[in-house]
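Please read these numbers as outputs of a predicted model, since none were measured by experiment.
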Amino acid sequence: MTNYYDEKSVSVTDTVFITPSGDQYPIRNISSVMVRQFPERLALIIGVLCILAQIVLFIDSKSSPSLVFLIVGLIALAWWYFKRKYVLFIGSGGTMQEALSFPMYKGNRVDDLQKISNAINRAIAGLQKT
């Protein structure tokens, strides 16, 4: 059995990919692997637009400023900040599923996910050679 990756409770061998939570993905069933940032920037855009709308309302002396835009904007920005994560997606049987993720605010771990992704790809390539 060839071991392609074995660090931080993650293991990739020529037969199985094991996550820290104990989930096991047989290498022969994996068709693709990708690392992505999630969620997209929609919450960031909403937050910035709401805060800009609040600033415009503060500058415009004819209308009474409402704190709704500011509150919604701050909630959207906080949600975007704390929900951002790097995700390792596994493709199997025509579907993509989240196999492993790391929150961005706890440090940049995208390199770890990329190493795991490369190890899974090497394991898949090793299966194709046999």
Side-chain angles (χ1 to χ4, degrees):
M1 179 166 52
T2 305
N3 195 1
Y4 293 98
Y5 186 88
D6 191 12
E7 293 179 23
K8 300 176 185 170
S9 303
V10 176
S11 179
V12 178
T13 66
D14 55 356
T15 58
V16 69
F17 161 49
I18 303 172
T19 66
S21 63
D23 295 334
Q24 297 183 8
Y25 300 91
I27 295 296
R28 70 180 179 282
N29 293 344
I30 298 174
S31 58
S32 63
V33 181
M34 65 179 170
V35 176
R36 296 287 186 262
Q37 178 181 338
F38 183 83
E40 299 298 326
R41 293 182 174 91
L42 181 62
L44 174 65
I45 292 168
I46 291 170
V48 169
L49 288 177
C50 286
I51 290 175
L52 288 176
Q54 181 63 38
I55 291 171
V56 168
L57 288 175
F58 268 148
I59 292 173
D60 183 21
S61 60
K62 295 176 186 172
S63 64
S64 61
S66 168
L67 293 180
V68 172
F69 284 115
L70 182 63
I71 292 169
V72 168
L74 290 176
I75 289 172
L77 288 176
W79 181 85
W80 174 78
Y81 180 77
F82 287 107
K83 291 296 183 179
R84 292 179 311 153
K85 59 184 175 180
Y86 288 112
V87 180
L88 177 74
F89 287 103
I90 299 290
S92 177
T95 62
M96 297 296 289
Q97 63 183 19
E98 182 179 319
L100 191 58
S101 66
F102 295 119
M104 292 173 121
Y105 69 90
K106 288 188 177 180
N108 190 356
R109 304 264 316 263
V110 70
D111 293 335
D112 292 338
L113 286 179
Q114 198 61 50
K115 288 178 189 176
I116 296 167
S117 173
N118 292 338
I120 293 170
N121 282 326
R122 286 194 313 272
I124 292 170
L127 277 181
Q128 293 174 352
K129 291 179 183 178
T130 58

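One hydrophobic cluster holds both L52 and Y81 under the rule that ILVMFWY side chains link at heavy-atom gaps under 4.5 Å. Hydrophobic clustering (side-chain heavy atoms under 4.5 Å, transitive across Ile, Leu, Val, Met, Phe, Trp, Tyr) keeps I45 apart from L77. If you chain together hydrophobic residues whose side chains sit under 4.5 Å apart, I18 and I124 never meet in one group. Note on V110 and V33: same hydrophobic cluster, where clusters join Ile, Leu, Val, Met, Phe, Trp and Tyr whose side-chain heavy atoms are under 4.5 Å apart, directly or indirectly.
Two residues are said to be in side-chain contact when any heavy atoms from C-beta on lie closer than 4.5 Å; Y5 and K115 meet this criterion. Residues V87 and L100 form no side-chain contact, since every pair of their non-hydrogen atoms from C-beta on lies 4.5 Å or further apart. Residues I27 and Y4 have side chains not in contact (no heavy-atom distance under 4.5 Å, counting atoms from C-beta outward).
Taking each heavy atom of N29 and S92 in turn, the nearest pair found is O-OG, 2.8 Å. Across S32 and M96, no two heavy atoms sit closer than the pair OG-SD, 3.7 Å. The shortest heavy-atom contact between D112 and F102 is CB-CE1, 4.4 Å. Minimum interatomic distance between V12 and N3 (heavy atoms only, all atoms of both residues): O-OD1, 3.0 Å. In this structure, P20 and K8 approach most closely via the heavy-atom pair CG-O, 4.0 Å. Listed here is the closest heavy atom pair of Y25 and E98: OH-O, 4.0 Å.
Note: I120 CD1 to F17 CZ = 4.0 Å, rounded to the nearest 0.5 Å. Taking OG of S101 as the start and CZ of F89 as the end, the distance is 8.5 Å to the nearest 0.5 Å. Interatomic distance, I90 CD1 to M34 CE, rounded to the nearest 0.5 Å: 10.0 Å. In this structure, CZ on R36 lies 12.0 Å from CG on L113, to the nearest 0.5 angstrom. Separation of atoms CZ (R109) and CG (D111) is listed at 10.5 Å; rounding is to 0.5 Å.
T2 places no side-chain N or O within 3.5 Å of a backbone atom of D14 that could act as its donor or acceptor partner.
Applying the side chain to side chain donor-acceptor pair (under 3.5 Å) test to D23 and every residue at least two apart in sequence or in another chain returns S21.
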